[in-house]
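The structure appears right after this line, and notes come after that.
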Amino acid sequence: MSPLVNLAIVASAMSSPNLPDANSVDLREVALNVVEASVIEKINDQREHFGRAPLEVDLSLMQSSRRHCSWMTRANRLQHTSAPVGENIAMGQRNASEAVRDWMNSPGHRANILNGRYSRVGTAAYVTGRGTIYWCMQFE
């Protein structure tokens, strides 16, 4: 297995022994995957619970989230992007439920998730060869 694999690819190709690394994936052509869809579904469940409109998936935010999450994973560094977007990042959570739970338990991340000015979202998750998962969600 390559040292850096997008969880999207893992979710859609669990039986494939030759998973591509993040550098070989064309971010413009990768469809929303199971892990990304799960994060967005859980975020929108939280927004609905608190009376907010659901966020719509945005291709440019998906590309930006994937690019930044890939960079964090390769650099083994949790750092916010310099892009002019709202952003939640995390590392170490084992699945989408844990990532969303941790974000909802953090005042700043929770504020991003529930921000009524945001209408669009992109998200990504990548895993290192050692199994650490990095998460990124960007909002506009």
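Just so you know, these numbers use all the heavy atoms, side chains as well, and skip hydrogens, waters and symmetry mates.
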### Message
Main chain of Met137, side chain of Asn88: is a donor-acceptor contact present, judged purely on distance under 3.5 Å?
### Response
no
### Query
Checking Thr123 side chain against Cys136 main chain: does a donor-acceptor pair fall under 3.5 Å?
yes
### Query
If you group Ile, Leu, Val, Met, Phe, Trp and Tyr by side-chain heavy-atom gaps below 4.5 Å, do Ile133 and Val39 land in one group?
yes
### Query
Taking all non-hydrogen atoms of both residues, which atom of Ser65 and which atom of Gly122 are closest, and how far apart?
OG-O, 3.0 Å
### Query
Between Thr81 and Val85, which heavy-atom pair has the shortest distance, and what is it?
CG2-CG2, 4.1 Å
### Flag side-chain contact, heavy atom, 4.5 Å: Ile40 against Leu55
no
### Task
Tell me, with the steps shown, if Glu140 and Ser119 meet side chain to side chain contact (heavy atoms under 4.5 Å, CB included).
CA-CA 6 Å; Glu140 287 186 337; Ser119 61; over 6 Å; no
### Query
Ignoring hydrogens and geometry, is there a side-chain-to-backbone donor-acceptor pair from His109 to Val100 under 3.5 Å?
no
### Task
Would you give the length of the straight line joining atom CG of Asn44 to atom NE2 of His49, rounded to the nearest 0.5 angstrom?
14.0 Å
### Query
Does Arg120 come within less than 4.0 Å of Glu56, counting only side-chain N to carboxylate O?
no
### Task
Look only at the side chain of Arg47 and the backbone of Asn115, and say whether a donor-acceptor pair between them is shorter than 3.5 Å.
yes
### Query
Per the side-chain contact (heavy atoms from CB on, under 4.5 Å) rule, which among Arg77, Met72, Arg74, Gln93 passes with Tyr134?
Met72
### Task
Flag yes if Tyr118 and Met104 sit in one hydrophobic cluster, no otherwise; membership is Ile, Leu, Val, Met, Phe, Trp, Tyr, and two members link when side-chain heavy atoms are under 4.5 Å apart.
yes
### Task
Apply side chain to side chain contact (heavy atoms under 4.5 Å, CB included) to Phe139 and Ile113, showing your working.
CA-CA 8 Å; Phe139 308 89; Ile113 291 167; 4.2 Å; yes
### Query
What are the two closest non-hydrogen atoms of Val35 and Trp135, and how far apart are they?
CG1-CZ3, 3.9 Å
### Task
Return yes if a side-chain donor-acceptor contact under 3.5 Å exists between Asn33 and Glu36, otherwise no.
yes
### Query
Under 3.5 Å, is there a donor-acceptor pair between the side chain of Thr132 and the main chain of Thr128?
no
### Task
Kindly indicate whether the side chain of Ile89, heavy atoms from C-beta on, has any atom under 4.5 Å from the side chain of His80.
yes
### Query
To the nearest 0.5 Å, what is the distance between CG (Leu114) and CH2 (Trp103)?
13.0 Å
### Query
Does any donor atom in the side chain of Gln138 or Ser64 lie under 3.5 Å from an acceptor atom in the other side chain?
yes
### Query
At what distance, to the nearest 0.5 angstrom, does CZ of Arg101 lie from CD of Gln46?
12.0 Å
### Message
Taking the six-membered ring of Phe50 as reference, does the cationic atom of Arg110 (NZ for Lys, CZ for Arg) lie under 6.0 Å from its centre and within 45° of its axis?
### Response
yes
#### Entry: Residues which pass salt bridge (charged side-chain N to carboxylate O under 4.0 Å, His left out) with Arg94, listed by chain and number, not counting sequence neighbours
Glu98
### Query
Does the Asn112 side chain pair with the main chain of Glu87, one donor and one acceptor, at a distance under 3.5 Å?
yes
### Message
Can you confirm whether Ile43 sits close enough to Val121 that some side-chain heavy atom of one is under 4.5 Å from a side-chain heavy atom of the other?
### Response
no
